[in-house]
There are 2 protein chains.
Amino acid sequence: MSKYKTIEPVQLVEIFKALANEHRLKIYNILTTCCAPGSSCASDEVFSCCVGDLDAQLDIAASTLSHHLKELHRAGLIDMKRDGKQVFCSVNTEAMQQLQNIFSSQLTGAKS
Amino acid sequence: MSKYKTIEPVQLVEIFKALANEHRLKIYNILTTCCAPGSSCASDEVFSCCVGDLDAQLDIAASTLSHHLKELHRAGLIDMKRDGKQVFCSVNTEAMQQLQNIFSSQLTGAKS
DNA sequence: ACTATAATTCGAAAGATGTCGAAATATAAA
DNA sequence: TTTATATTTCGACATCTTTCGAATTATAGT
């Protein structure tokens, strides 16, 4: 019916779980705004997306942040890749498009 | 900026929490598909939207269903209104439009 | 090799959530 | 006013989640 990959209900629940937390939503938000799809964020000194920069904006323990990032990653919402000592995070644009798609066509519509 | 009411990050977390459960997502799904916005669902004998009909499709205790409906209602995602012995449920179309809006414009974008 | 920095893993404690069955409430019908 | 049906509230229990600090791993610089 559509040209997009569909998200299984089970996976959709995981995505909502991942976003259903104050800190994780803020993280996702920071990543969508600072590292907008297509733009590189390494060159800007105000915003970048390594774990330490997120840490500076979040007022939670580093271990807690690490846990939240793992959840977002597990849900497929963000990508993480190490570059030297740092790990850089960014939104998974494919997942984001799928989400947009779901909501702009009446939430799931999945039959089952 | 937009003509739509914006959703506060705090409320958005509540909305995601409400959808972050297998049964609640299914309920919301049933309501979006059987009682599509604008259509009345009382006349169709296969699908209607009272609590008992949902119960028949869900394989959980009635008390559990009641709890889930309360959560969806608390998040502002569904409306409930009693008609005689039954309580009829339907999606809150305004909330759904807000959700669509959020996702079609890069998730929240809220600055704070 | 040692040291410093960045991030993750590992318990443990506190809190939130999902679930049920029994009891209560609301409404209608006999 | 008694009975039947629909739904909700309550209390209990089990499980999952959030959080932290301490210890560990990864990488780079001295």
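Throughout, a chain's letter reflects where its sequence line sits, starting with A, and its residues are numbered from 1.
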For atom CD1 of Ile27(B) and atom C1' of dT19(C), their distance in whole Å: 13 Å
Proximal nucleotide (of dT8(D), dA6(D), dA6(C)) relative to the Gln86(B) side chain: dA6(D)
Presence of Lys70(B) side-chain N/O under 4.0 Å of dT7(D) phosphate oxygens OP1/OP2: no
Candidate list Asn29(A), Leu69(A), Leu72(A), Leu19(A), test side-chain contact (heavy atoms from CB on, under 4.5 Å), partner Arg24(A), passing option: Leu72(A)
Distance, rounded to the nearest Å, where Asp55(B) contributes CG and dA6(D) contributes C1': 10 Å
Whole-Å distance separating the CZ atom of Phe88(B) from the P atom of dT8(D): 12 Å
Under 3.5 Å donor-acceptor, Arg82(B) side chain and Gly84(B) backbone: yes
Length of the CG-P vector between Leu69(A) and dT9(C), whole Å: 11 Å
Whole angstrom value for the distance that separates P of dT8(D) from CG of Leu54(B): 10 Å
Nucleic acid footprint by protein, nucleotides 17-30 of chain D - heavy-atom cut-off 4.0 Å, B for base, S for sugar-phosphate alone: -SBBBB----BS--
Test applied, side-chain contact (heavy atoms from CB on, under 4.5 Å); reference residue, Leu77(A); option that passes from Ile27(A), Ile15(A), Leu31(A), Val91(A): Ile15(A)
Distance, rounded to the nearest Å, where Asp53(B) contributes CG and dT5(D) contributes P: 16 Å
Length of the CG-C1' vector between Leu58(B) and dA6(D), whole Å: 16 Å
Spacing between Met80(A) atom CE and dA6(C) atom C1', to the nearest angstrom: 12 Å
Closest contact, heavy atoms only, Glu94(A) versus Asn92(A): N-OD1, 2.9 Å
Phe16(A) and Phe16(B) aromatic ring geometry - parallel, tilted or perpendicular at 30°/60° bounds: parallel
Check: Tyr28(A) main-chain N/O paired with Thr32(A) side-chain donor or acceptor under 3.5 Å: yes
